[in-house]
2 protein chains.
Amino acid sequence: MAQESPTFSPLYRQIKTLIVQGLENGEWRPGEAIPSESDLAVRFNVSQGTVRKAIDEMAAENLVVRRQGKGTYVATHSDPRAFFRFLRLVPLSGEVEPSISVPLECWRAKAGPEAAKTLQINIGEPIIIVRRLLQFSGKPVVVDEIYLPGDVFTGLTLDVLKDYQGSLYSLFESRFGVRMIHAEERIRAVAADRVSADLLGVAEGAPLLSVERVSLTYGDKPVEWRRGLYCTAEHCYLNELS
Amino acid sequence: MAQESPTFSPLYRQIKTLIVQGLENGEWRPGEAIPSESDLAVRFNVSQGTVRKAIDEMAAENLVVRRQGKGTYVATHSDPRAFFRFLRLVPLSGEVEPSISVPLECWRAKAGPEAAKTLQINIGEPIIIVRRLLQFSGKPVVVDEIYLPGDVFTGLTLDVLKDYQGSLYSLFESRFGVRMIHAEERIRAVAADRVSADLLGVAEGAPLLSVERVSLTYGDKPVEWRRGLYCTAEHCYLNELS
DNA sequence: GAGTGGTCTAGACCACTGC
DNA sequence: CAGTGGTCTAGACCACTCG
């Protein structure tokens, strides 16, 4: 017999979708607590265990953070613990150190075929391009070129970038309401071009890590495309396989 | 008041430990099914829900694979689905293609300070070093140098490697009972040395990805240290961030 | 239809936090 | 102490696989 319920979705997943919608709609903002499991159970008219399973999945996806005895909180990029979730660069030896972002340029352009395809917008639609440097203990280690859809990031200027203290994603979250929740990186080794070599203080042609990232927000909608060149003379990209 | 139970471990985690021990001891072998949840519940004298939660964690850690309606199976590197779990190399364009391992050398040596530290053995203990090439559609893309603790892999020779069809980890699992369940990779960009350049068919000094991996088995015991040089002219290292 | 994993419930109790 | 997440149980029922 044919499959009876091709679109079967368990109750806890429907509940999860509802709670995620609450996050999307801003019903609960980053850093805030969502209602308790029993409150949500009453609200959605299901058992507490079902709400729990929904939140379990959300916690596994880093959408939300549980704190025993306190509550469940909406994940935020302002949380220092989230800093190294997307930047997997660690020193070859020594302690993990915080990075400083140095914005270089910020200009507007129209999306070319590649940017349009990656950001899932139409060719010719406005985009914003940011170039910035990442420094560890004063030394430049990464140069990033970041492509953003212009309609979402209206008002983003070099001055805004320079004024902000904290990570880029933290700015995107608090200023533009855009939360990166997932990303895919493609890593290659390339030879440093003249400009990047100068910025990173290495010889032209030196090997660099090219890290191309597409960041997604709710519903797997792409909202950032960036290409970083990482100098791995004193740092390395750390990845856990499991 | 001071914390009352610093070593508190929930029941389901104790059950999990017991089941994992069954895997370690070979009570259930890779590819086989473990007993049903209700059987295990009876055996350990807990409720089925508690067994379920234990297995949930094991499934999340890829120790075990659930198949609805059939049972729960011990994960195996022979399963094609596990092939790309540790090799995150995909073509820049086109379909994912299977890789072929070409063993080049296999010799015995004594562990130096670095190998000893990484493999957590004593300096001077026997190790085995393997060099091999990885080819995609006939072209060499990766050259690996692999360090293994000699006492675990006794009997490993170049002929054994050449005779075996399938992945290295599949061989380690079936021939030596060693299961890699976790790994950590450190990625850098380096310039190709003369030998590697020749093997990979690139110019000396061409940028290559250096991927250093430590693989761990049960109890986070390191059992493999390898360094791979990846040519990323037509492939890239793909990584999901979440 | 029997057996397995997957879902859902209701209720009890434990561990942690903060007032 | 009240409120929150975390654990554990027992039982019912659903979805899937296979003989």
Side-chain angles (χ1 to χ4, degrees), chain A residues 1-19 22-23 28 31-76 79 81, chain B residues 1-19 22-23 28 31-76 79 81:
Chain A
M1 192 190 287
Q3 201 178 356
E4 289 196 51
S5 45
T7 56
F8 169 74
S9 172
L11 188 50
Y12 75 86
R13 192 146 296 170
Q14 301 173 38
I15 301 300
K16 177 187 168 191
T17 301
L18 291 174
I19 303 177
L23 298 184
W28 312 293
E32 288 179 8
I34 67 174
S36 73
E37 295 179 354
S38 44
D39 283 0
L40 289 169
V42 171
R43 165 161 166 182
F44 296 125
N45 201 21
V46 298
S47 80
Q48 184 257 3
T50 300
V51 170
R52 183 163 186 78
K53 187 144 193 194
I55 296 181
D56 274 347
E57 283 204 355
M58 295 175 62
E61 294 168 18
N62 295 116
L63 294 177
V64 110
V65 177
R66 309 183 104 119
R67 292 190 201 143
Q68 180 169 164
K70 297 185 70 177
T72 302
Y73 295 78
V74 183
T76 170
D79 186 334
R81 281 165 289 197
Chain B
M1 192 190 287
Q3 201 178 356
E4 289 196 51
S5 46
T7 54
F8 170 74
S9 173
L11 188 52
Y12 75 86
R13 193 146 295 171
Q14 301 172 37
I15 301 300
K16 177 187 169 191
T17 301
L18 290 174
I19 303 177
L23 298 185
W28 312 292
E32 288 179 8
I34 67 174
S36 73
E37 294 178 355
S38 44
D39 281 359
L40 290 169
V42 171
R43 166 162 165 180
F44 296 125
N45 201 22
V46 297
S47 81
Q48 183 257 5
T50 300
V51 169
R52 182 165 186 78
K53 187 147 193 193
I55 296 180
D56 274 347
E57 283 204 354
M58 295 175 62
E61 294 167 18
N62 295 116
L63 294 178
V64 110
V65 177
R66 292 179 179 284
R67 294 193 200 139
Q68 181 169 166
K70 296 185 71 177
T72 302
Y73 294 79
V74 183
T76 171
D79 186 334
R81 281 166 287 195

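Reminder, nothing fancy here: chain letters follow the sequence lines and each chain counts from 1.
Partners of A:E32 under the salt bridge (Lys or Arg N to Asp or Glu O under 4.0 Å) rule, at least two apart in sequence or in another chain, do not exist in this structure. Take A:S47 and apply the side chain to side chain donor-acceptor pair (under 3.5 Å) test, not counting sequence neighbours, and it matches A:T50. Considering only residues two or more places apart in sequence or on other chains, B:R66 meets the salt bridge (Lys or Arg N to Asp or Glu O under 4.0 Å) condition with B:E37, B:D56. The side chain to side chain donor-acceptor pair (under 3.5 Å) search around B:E61 returns B:K16, not counting sequence neighbours. The side chain to side chain donor-acceptor pair (under 3.5 Å) check on A:T17 picks up nothing, with sequence neighbours excluded. B:D39 pairs by the salt bridge (Lys or Arg N to Asp or Glu O under 4.0 Å) definition with nothing, not counting sequence neighbours. The side chain to side chain donor-acceptor pair (under 3.5 Å) check on A:N62 picks up nothing, with sequence neighbours excluded.
Going from atom CG of B:L11 over to atom P of D:dA10 covers 11 Å, rounded to whole Å. Look at CE on A:M58: it is 13 Å from P on D:dG5, rounded to the nearest Å. Whole-Å rounding puts the B:F8 CZ to D:dG6 P distance at 12 Å. B:R13 places its CZ atom 10 Å from the P atom of D:dC8, with the value rounded to the nearest Å. Here D:dG5 presents its P atom at 11 Å from CD1 of A:I19, a figure rounded to the nearest Å.
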> Given the rule in the side-chain contact (heavy atoms from CB on, under 4.5 Å) test, do A:I34 and A:I55 qualify, once you have shown the distances and angles that lead to the verdict?
Replying inline: CA-CA 10 Å; A:I34 67 174; A:I55 296 181; 4.1 Å; yes

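Using a 4.0 Å cutoff on non-hydrogen atoms, the parts of residues 37-55 of chain B near DNA chain D are B:V46, B:S47, B:T50, B:K53, ordered by number.
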Give every pair of a protein N or O atom and an N or O atom of nucleotides 17-19 of chain C that lie under 3.5 Å apart, one pair per line with the distance.
{"residue": "C:dG18", "atom": "OP1", "partner": "A:K70", "partner atom": "NZ", "Å": "3.2"}

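Between B:R66 and C:dG6, a side-chain N or O to OP1/OP2 separation shorter than 4.0 Å is present.
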